[in-house]
Amino acid sequence: MAWNGKLKKIDENRWEIPKDEFPFMRTNAVIYASENMIGQIRSDNAPLQAANVASLPGIVGSSMAMPDIHWGYGFPIGGVAAVNADSGSISPGGIGFDINCGVRLIKTDLTVDDLGGKVGVLVDELYKNVPSGLGSKGLTKIGNRELDDILKNGSKWAVENGYGWERDLEATEEKGRMKDADPSAVSDKARKRGIPQIGSLGSGNHFLELDVVDDVFDKDVAKKFGLKEGTVTVTVHCGSRGCGHQIATEYLQEMERYIKNNNIDLPDRQLACAPLDSKLGDDYYKAMCCGANYAWANRQMITHWVRESFENILEGSAEDMGMDVVYDVAHNIAKKERHDVEGHSENVLVHRKGATRAFAAGRTEIAQMYRDVGQPVIIPGDMKVGTYVLVGKKGAMKETFGSTCHGAGRKMSRNAALSKLKASDVKNEMRKNNIYLRSGSDEGLLEEAPAAYKDVDEVIKVVCAAGLTDKVAKLTPIGVVKG
DNA sequence: ATGTCC
């Protein structure tokens, strides 16, 4: 089904569904996209979901979607929506099943030459040391007490237990710890799924990517981020595994009952939500924070094994190789933040579902070392084109509650990719581009084939032309571990 | 995304 409703072109990068399109819309919806992209965006009807989100109780500003928009559960992926932090409603569909799915970028001071032809060996070592795949279990045995600590303290737990460096915390959004986390809001079932999986990559679109800094667009900012042309980087993409998934599933069920019992009228039951000042809304928020912390601990543990893998294959320590975390961003999360809304300052909860925080210089939430240039934003494209590093700009603060895109965005459903593409073609395509690939399953590889994704260059062009972010560097893959 | 239906 395609979107045949109104989609008014505001300018070269913005399209609007006016508030009067449906009676349930409390505000307008804005989609960031170019003329080139809009046909594809209409084709999967995701604009309807952006319009539906405009019905969210307590929404402030517009319902927004980034150019990587595609069909999701309730909210579109690429969706951004803010609600008043006291009276507005929180919706699990606006965060996603994989709570705090996110991306971490690790730099090195090594060039490809320094790897001495060991790219394949290194990727094999990463594949061996970082558990990946559907239902994968971590190598670390923890019990309920440790899980409690992880849910409460996130990356801090990981660093205190030997996974990584103290300074990694400063290079992580929220320092890897949402302070409102309350493990008593997390069910036994979510715990049971979380315990064996801590320290694992998972499957789906999750991956490890070995890249080379190929292009530097802003030399000063790149230098600030520790990125130098020709050096090797590692990108880690994963989330909260079955733990976050279980939290999302259970609260969605409860909120569906809540909206029914309280006669809350929504255009789609998948938008199930509860006011932040209700017990259910507050409990979900606290549980979501736990899921976020689990994901940060997870990426922190993986960081440790990435460093160990480099140490096992190459000469020298991770420290000597300059393997610092550049930054770690969450792109499936809701955050309590202060923003200007129609001329006044307001406490809001910003849902970012397949969207990345992109704060401009000056915001105190940004790590001290980057505060004068803006927040690093990490945007994976697809396994062939690689990853962009951007920096948050003023336009994001003005228009999108400090948000930008999160990736290329799918243009083919998983099923469409499975039926239309061939695994051997994807493997050949990767080989032709000199990218060493390790993948656990052909099915998973097909679902994530480059052809299943939009053109990330076009996505980046839009968010930069719209003034939300600026380009800093482009990272080109030399090796991929596909989860 | 996900023990792709407890």
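By convention in this document, chain letters (A, B, ...) are assigned in the order of the sequence lines, proteins followed by strands, and residues within each chain are numbered from 1.
Taking atom NZ of K192(A) as the reference point, atom P of dT2(B) lies 21 Å away to the nearest angstrom. Atom-to-atom, CG of L252(A) to P of dC5(B) comes out at 16 Å; the value is rounded to the nearest Å. Rounded to whole Å, atom C1' of dT2(B) lies 13 Å from atom OH of Y294(A). In this structure, F97(A) places its CZ atom 11 Å from C1' of dT4(B), rounding to the nearest Å. Across the protein-nucleic acid pair, K189(A) atom NZ and dC5(B) atom C1' stand 11 Å apart, rounded to whole Å. The separation between R414(A) atom CZ and dT4(B) atom C1' is 10 Å, rounded to whole Å. Here dT2(B) presents its C1' atom at 13 Å from CD1 of I247(A), a figure rounded to the nearest Å. We find that CD1 of I95(A) is positioned 17 Å from C1' of dT2(B), with the value rounded to whole Å.
Geometrically, R14(A) does not engage Y32(A) in a cation-pi contact defined by less than 6.0 Å to the ring centre and at most 45° from the axis.
L134(A) comes within contact range of at least one nucleobase, with a heavy-atom separation under 4.0 Å. Heavy atoms of Q197(A) sit under 4.0 angstrom from primed sugar atoms or phosphate atoms, though from no base atom. Contact annotation for G204(A): backbone-only contact, meaning every heavy-atom pair under 4.0 Å involves sugar-phosphate atoms and none involves a base. Residue contacts for E448(A): at a heavy-atom cut-off of 4.0 Å it reaches the sugar-phosphate backbone alone, with no base atom in range.
Mapping R410(A) and E447(A) onto DNA chain B by nearest heavy atom places R410(A) closer to the 5' end of the strand.
Phosphate proximity of dT2(B) to R241(A): present, with a side-chain N or O under 4.0 Å from OP1 or OP2. For the OP1/OP2 pair of dT2(B) and a distance below 4.0 Å, the side-chain nitrogens and oxygens of S203(A) include at least one atom meeting the criterion.
By the 4.0 Å N-to-carboxylate-O rule, D149(A) lies too far from K156(A) to be salt-bridged with it.
Partners of N428(A) according to the side-chain hydrogen bond (donor to acceptor under 3.5 Å, both in side chains) rule, which considers only residues two or more places apart in sequence or in another chain, are R431(A). Every residue two or more places apart in sequence or in another chain that forms a side-chain hydrogen bond (donor to acceptor under 3.5 Å, both in side chains) with D124(A) is listed here: Y436(A), R438(A).
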- Message: Please determine whether side chain to side chain contact (heavy atoms under 4.5 Å, CB included) holds for the pair H351(A) and S91(A), giving the CA-CA distance in whole Å, both sets of side-chain angles, and the decisive distance to 0.1 Å.
- Response: CA-CA 8 Å; H351(A) 295 78; S91(A) 176; 4.2 Å; yes
